[in-house]
Amino acid sequence: MSRFVARGIDFGTVRTEFHLPEGYPPAAVAQARAASDRYASEREDRTDLAFVTIDPPDSLDLDQALHLERTQVGFVLHYAIADVGAVVEPGGVLDVETRKRGQTFYLPDGKVPLHPKELSEGSASLLPDEDRPAVVWRIELDESATPLSCTVSRATVRSVARLDYAGVQADSEAGRLHPSIASLPEFGRLRTAAAVARGAIELRLPEQEVVPDGDGWRVDLAPRTEADDWNAEVSLLTGMCAADMMLDAKVGLLRTLPPAGPDAVEALRRTASALGIDWPESVGVGELLARLDPNSASTLVLMTEAPSLLRGADYAAFDGALPELTTHAAIGAPYAHVTAPLRRLSDRYSTEVCLAVTAGTPVPSWARDALGSMPEIMVGSDSLASKIDRACIDLTEATVLADRVGETFDATVLRSRNGKRTADVFVPSVSVMAKCVGDPAEGEQVKIRLVSADVAKRTVEFGYPA
């Protein structure tokens, strides 16, 4: 067990601070329990496809299942998404409650779900060995994994295996991948190369998470495997196809991000130069970041600066006239959320648009009428989710370090705030990113002293030199 473990943390204080609901309204739970498939008679039977899910090992709200076939001319991807639009009655009490929440909020000691567990972890979840209503995307791709055609329709599916990222990674390295995803590594690497070619920006910045450790909690860095990236490329591809589909029909909901301004790029170039990172003028930001050694301290520093390029994320609803901005700069293409409807509200409505476009039928009024309200709901819930996550990490950091004030730690300097005599540092022994008073140089490995750890304020501060 790690010696940096915090016991007795009450994450209920975070729930209270952000006014998170306790439980789910009984009427909405009753509606979830009684939910039935409104499109049962229209579904194609695709239980012939051996779908598999890939999720964290403790997840039960399984939105996505995939089946990837390698053909002589490329790939055929079938991607099954939980059909939430078929089991949530428009305008009902459950629908109203989900609009209040916007998405599932995750805390270390449990989540505040978008839908009642009876639905999200039960009747609508793509759990193994169960027939489930789903929306199935069928995408044909060529040898380079470039999409050639895309359709989406309602079907009944049956997952045959519940996999997790570490297991898929281990199976890939051992040459024993499940047949339904045997070509996923090739597909994923081709799609990653395509992302770099179109100017996508992938930030491989260590992500902190609070994890249980015995009877306490600690901060750790979320493990990320190649399997995570391969699976993410499936979802990204589907979202890009959905965006193109909606743009062609001139109705839908996009996830957008403006391109980085020249000042932000120039600032990143100055940081790269100071770190001794060679950055030819002909190389774009995304290509440079993809080339860097993920284990280098200089890479960590540059990745910490890179989020300045990705500011202004938003949602754009449109019906008739296209929005002024239709692309997502980090992805390098138009993009829409359609692959996580159990956990994210907007996906339900975007999916209905795509189903109607493929079928050549009008978009249902309940979905079309709601598009305009989605940006405000989703921006608000995204902001809240980020604040909740940060609060839980800050609380755990402060509690872990509360009795270690005065001790010395090894750290990497992520960012030096010139003129302010402060810096941002990463302390690997406790996976903490915090403020440091002093003026250490960016990228340096230094010794720092813990000056304060205030649990009530959820703050940690170090000092340099130690």
Side-chain angles (χ1 to χ4, degrees), residues 11 14-25 28-29 31-32 35 55-56 58-64 81-85 87-88 90 92-122 124-126 135 207 209-210 222 232 235-236 238-239 242-243 252-257 313-317 328 330-331 335-353 366-367 370-393:
F11 294 105
V14 176
R15 296 170 186 267
T16 299
E17 177 180 340
F18 292 104
H19 308 289
L20 297 180
E22 295 182 10
Y24 221 94
V29 172
Q31 199 165 73
D55 289 274
D58 58 348
S59 293
L60 292 174
D61 49 350
L62 309 183
D63 289 286
Q64 311 135 358
I81 307 299
D83 192 354
V84 179
V87 294
V88 174
V93 290
L94 175 56
D95 183 27
V96 171
E97 182 64 23
T98 60
R99 290 173 65 89
K100 292 178 182 177
R101 299 182 181 219
Q103 63 185 275
T104 295
F105 300 107
Y106 294 90
L107 292 89
D109 62 348
K111 59 192 173 187
V112 179
L114 175 62
H115 301 91
K117 290 185 177 182
E118 288 83 352
L119 190 149
S120 61
E121 298 184 0
S125 177
L126 303 184
V135 171
E207 293 187 13
E209 63 177 355
V210 177
S235 185
L236 287 170
T238 306
L253 179 69
L254 302 178
R255 187 71 166 124
T256 61
L257 182 72
D314 203 349
Y315 294 82
H328 193 292
I331 295 170
Y335 175 67
H337 281 158
V338 291
T339 62
L342 289 174
R343 293 169 281 174
R344 191 170 51 213
L345 178 68
S346 60
D347 299 43
R348 188 198 318 168
Y349 301 94
S350 298
T351 295
E352 290 299 328
V353 174
W366 64 264
L371 292 176
S373 64
M374 285 299 109
E376 182 178 0
I377 293 173
M378 296 311 302
V379 168
S381 66
D382 285 346
S383 175
L384 179 57
S386 178
K387 291 175 182 176
I388 291 168
D389 185 56
R390 188 68 254 168
C392 291
I393 292 171

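One distance of note links NE2 of His328 with CG of Leu257; it measures 5.0 Å at 0.5 Å rounding. Between the CG atom in Asp63 and the CG atom in Asp55 there is a gap of 7.5 Å [rounded to 0.5 Å]. Rounded to the nearest 0.5 Å, atoms CE (Met378) and CZ (Arg344) are 6.5 Å apart. Going from atom CG of Leu119 over to atom CG of Leu342 covers 7.0 Å, rounded to the nearest 0.5 Å. A distance of 12.5 Å separates NE2 in His115 from CD in Glu121, rounded to the nearest 0.5 Å.
Within the 4.5 Å cutoff, side-chain heavy atoms of Leu20 are placed close to those of Ile388. Contact annotation: the side chain of Lys387 approaches that of Ser383 to within less than 4.5 Å [non-hydrogen atoms, C-beta and beyond]. Using a 4.5 Å heavy-atom cutoff, the side chains of Tyr315 and Arg255 are in contact. Arg15 places none of its side-chain heavy atoms less than 4.5 Å from the side chain of Phe105. In this structure, the side chains of Leu253 and Val353 stay at 4.5 Å or more apart for every pair of heavy atoms.
Under the side-chain hydrogen bond (donor to acceptor under 3.5 Å, both in side chains) criterion, Thr98 pairs with Arg348, sequence neighbours left out. Evaluation of the side-chain hydrogen bond (donor to acceptor under 3.5 Å, both in side chains) rule for Lys117 yields no partner, not counting sequence neighbours. For Glu17, the side-chain hydrogen bond (donor to acceptor under 3.5 Å, both in side chains) partners at least two apart in sequence or on another chain are Arg458.
Of all heavy-atom pairs between Tyr24 and Pro113, the closest is CE1-O, 3.6 Å. Among all heavy-atom pairs drawn from Pro341 and Val84, the shortest one is CB-CG2, 3.6 Å. When all heavy atoms of Gln103 and Ser381 are compared, the closest pair comes out as NE2-OG, 2.8 Å. Residues Ala317 and Leu371 approach most closely at CB-O, 3.3 Å, considering heavy atoms. A pairwise comparison of heavy atoms in Ala370 and Arg99 identifies CB-NH1, 3.6 Å as the closest pair. In terms of heavy-atom proximity, Leu345 sits nearest to Met374 at CD2-CE, 3.8 Å.
In the model, Thr238 has no side-chain atom that pairs as donor or acceptor with a side-chain atom of Thr339 under 3.5 Å.
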